[in-house]
Engineer: 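There's a structure below that I have some questions on.
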Amino acid sequence: MRHHVRLGILIALLAFLPAHLKAQAVSSIVSFGLANPSGGLGEFRNTGPVARAGVVLGHPRRVSQWRVEMEYARMTGREQSPSLASRDADITSLGLFGTITIGPRTPHWAPYFALGAGLQRLNTVGVRNPYGTTPGVRTGFGLTGRHHTRHVFLEVLVHANLTDHGAGDYAIGYFFPVVAGVRF
């Protein structure tokens with residue numbers, strides 16, 4: 001049953017992609033920054049690194065663009081108490097996300113809105129994740145423009161892990177990825 005749910009989510013993500021990719025500009029992107037845990041994740045964890053790599057579908061001057069990205073985030077535990085091992089141990093998130101960005105496109109700097117979803121694998125040091133791969137959703141804002149000859153962006157998202165793994169019983173863990181990136 002889990003495989004059917006995963007397949008359904010993947011098909012739903014792909015259904016939103018433009019039907020005629022040959023008319024789209026396709027560019028690669030990379031970004032780096034910080035993952036700031038909050039809620040159940042943030043109570044016992046510190047800020048850690050986040051890195052993304054992916055592709056963008058759509059010309060830089062289009063109002064809407066699609067991104068497909070792999071993301072790695074690591075948040076270190078503050079204390080290592082055995083009684084709350086899953087809540088205060090180091091946690092990593094490895095995921096594949098689809099995101100749409102919408103905003104005015106100009107030759108100068110412009111803000112944009114981002115909305116995305118995907119699948120992720122959360123791993124907590126020393127604790128088995130009973131849920132396996134789980135969905136995650138995100139939304140936020142960014143700023144994009146040109147720096148010399150490259151398109152660059154700054155972005156702040158709120159990312160919700162739709163599982164309580166690493167956050168505590170019945171709590172949804174979330175973190176704020178803050179990144180700077182470049183489009184090639």
Side-chain angles (χ1 to χ4, degrees), residues 2 5-6 9-10 13 27-56 66-101 112-144 150-184:
R2 281 186 175 185
V5 172
R6 289 181 199 154
I9 291 170
L10 182 61
L13 285 172
S27 304
S28 58
I29 57 172
V30 294
S31 59
F32 300 95
L34 296 173
N36 302 293
S38 194
L41 285 179
E43 189 173 345
F44 297 101
R45 292 192 180 82
N46 296 309
T47 297
V50 62
R52 293 187 203 151
V55 295
V56 177
W66 289 95
R67 294 191 320 218
V68 178
E69 298 172 292
M70 290 289 299
E71 178 182 86
Y72 171 83
R74 181 174 180 86
M75 293 154 277
T76 58
R78 291 186 185 156
E79 301 173 22
Q80 300 297 325
S81 84
S83 62
L84 297 172
S86 71
R87 291 194 61 196
D88 63 3
D90 294 0
I91 191 167
T92 59
S93 172
L94 181 62
L96 176 65
F97 299 98
T99 304
I100 185 169
T101 61
Y112 62 87
F113 169 74
L115 180 65
L119 297 173
Q120 66 201 357
R121 178 69 181 200
L122 298 172
N123 292 307
T124 305
V125 173
V127 179
R128 184 184 150 289
N129 179 346
Y131 307 113
T133 303
T134 56
V137 294
R138 51 184 43 187
T139 188
F141 295 95
L143 187 63
T144 187
R150 295 278 183 218
H151 289 274
V152 295
F153 61 94
L154 303 169
E155 185 173 87
V156 177
L157 298 175
V158 60
H159 174 87
N161 303 319
L162 300 182
T163 177
D164 65 357
H165 180 74
D169 292 335
Y170 310 110
I172 293 177
Y174 57 97
F175 62 95
F176 295 88
V178 179
V179 298
V182 63
R183 178 177 179 158
F184 299 97

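Numbers here are sequence positions counted from 1.
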Engineer: How far apart are the closest heavy atoms of Gly40 and Arg45, and which atoms are they?
Structural biologist: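 So the two residues come closest at O-NH1, 4.2 Å.
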Engineer: Determine yes or no for a side-chain-to-main-chain donor-acceptor pair under 3.5 angstrom, with Thr144 supplying the side chain and Val152 the backbone.
Structural biologist: yes
Engineer: Taking only Lys NZ, Arg NE, NH1 and NH2, and the carboxylate oxygens of Asp or Glu, determine whether Glu155 and Arg138 approach each other closer than 4.0 Å.
Structural biologist: no
Engineer: Can you list everything that forms a side-chain hydrogen bond (donor to acceptor under 3.5 Å, both in side chains) with Asn123? Sequence neighbours excluded, please.
Structural biologist: none
Engineer: Are any of the side-chain heavy atoms of Val55 and Val68 separated by less than 4.5 Å?
Structural biologist: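 A side-chain contact under 4.5 Å exists here.
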Engineer: Could you give me the CA-CA distance, side-chain angles and deciding distance for Phe113 and Phe141, then say whether ring pair (Phe, Tyr, Trp, His ring centres under 6.0 Å) is met?
Structural biologist: CA-CA 5 Å; Phe113 169 74; Phe141 295 95; 5.8 Å; yes
Engineer: Counting C-beta onward and ignoring hydrogens, is there a side-chain heavy-atom pair between His165 and Thr134 closer than 4.5 Å?
Structural biologist: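 The answer is no, as the side chains (C-beta and beyond) never meet within the 4.5 Å cut-off.
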Engineer: Quick one, His159 with Gln120, criterion side-chain hydrogen bond (donor to acceptor under 3.5 Å, both in side chains). Give me CA distance, side-chain angles, the key distance, then yes/no.
Structural biologist: CA-CA 11 Å; His159 174 87; Gln120 66 201 357; 2.7 Å; yes
Engineer: How close do Ala73 and Ala35 get, counting heavy atoms only, and between which atoms?
Structural biologist: CB-CB, 4.0 Å
Engineer: Show, in sequence, the C-alpha distance, side-chain angles and deciding distance for Asn161 and Phe175, and conclude whether the side-chain contact (heavy atoms from CB on, under 4.5 Å) test is met.
Structural biologist: CA-CA 8 Å; Asn161 303 319; Phe175 62 95; 3.9 Å; yes
Engineer: Please say which of Val50, Leu122, Leu41 ends up in a side-chain contact (heavy atoms from CB on, under 4.5 Å) with Ser93.
Structural biologist: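 Running side-chain contact (heavy atoms from CB on, under 4.5 Å) over Val50, Leu122, Leu41 with Ser93 returns exactly one hit, Leu122.
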Engineer: Just verifying a value: how many Å separate Ile29 CD1 and Phe153 CZ, rounded to the nearest 0.5 Å?
Structural biologist: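 The CD1 atom of Ile29 sits 4.5 Å away from the CZ atom of Phe153.
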Engineer: Tell me, do Met75 and Asn36 make a side-chain contact under 4.5 Å, heavy atoms counted?
Structural biologist: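 No, too far: nothing below the 4.5 Å cut-off.
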Engineer: By side-chain hydrogen bond (donor to acceptor under 3.5 Å, both in side chains), which residues pair with Ser31, not counting sequence neighbours?
Structural biologist: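 Ser31 satisfies side-chain hydrogen bond (donor to acceptor under 3.5 Å, both in side chains) with no other residue.
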Engineer: Can you name the residues that form a side-chain hydrogen bond (donor to acceptor under 3.5 Å, both in side chains) with Arg74, not counting sequence neighbours?
Structural biologist: Asp90
Engineer: Quick one: does Pro177's side chain get under 4.5 Å of Arg52's, heavy atoms only?
Structural biologist: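 Touching, per the 4.5 Å side-chain cut-off.
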Engineer: Which heavy-atom pair separates Gly166 from Thr124 by the least distance, and what is that distance?
Structural biologist: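 Nearest heavy atoms, Gly166 then Thr124: CA-OG1, 4.4 Å.
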Engineer: Taking Ala114's backbone N and O only, do any of them form a donor-acceptor pair with Thr139's side chain (distance below 3.5 Å, no angle check)?
Structural biologist: yes
Engineer: Between atom OG1 of Thr76 and atom CD1 of Ile91, what is the distance when rounded to the nearest 0.5 Å?
Structural biologist: 11.5 Å
Engineer: Specify the closest pair of heavy atoms between Ile100 and Trp66, including all atoms of both residues, with the distance to one decimal.
Structural biologist: CD1-CZ2, 3.7 Å
Engineer: Do Phe184 and Val30 come within less than 4.5 Å of each other through their side chains, counting heavy atoms only?
Structural biologist: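 Yes, at least one pair of side-chain atoms sits under 4.5 Å.
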Engineer: Which pair of non-hydrogen atoms, one from Tyr112 and one from Leu154, has the smallest distance, and what is that distance?
Structural biologist: OH-O, 3.9 Å
Engineer: Taking all non-hydrogen atoms of both residues into account, name the closest pair between Phe176 and Ser38 and its distance.
Structural biologist: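 Heavy-atom minimum between the residues: CE1-CB, 3.7 Å.
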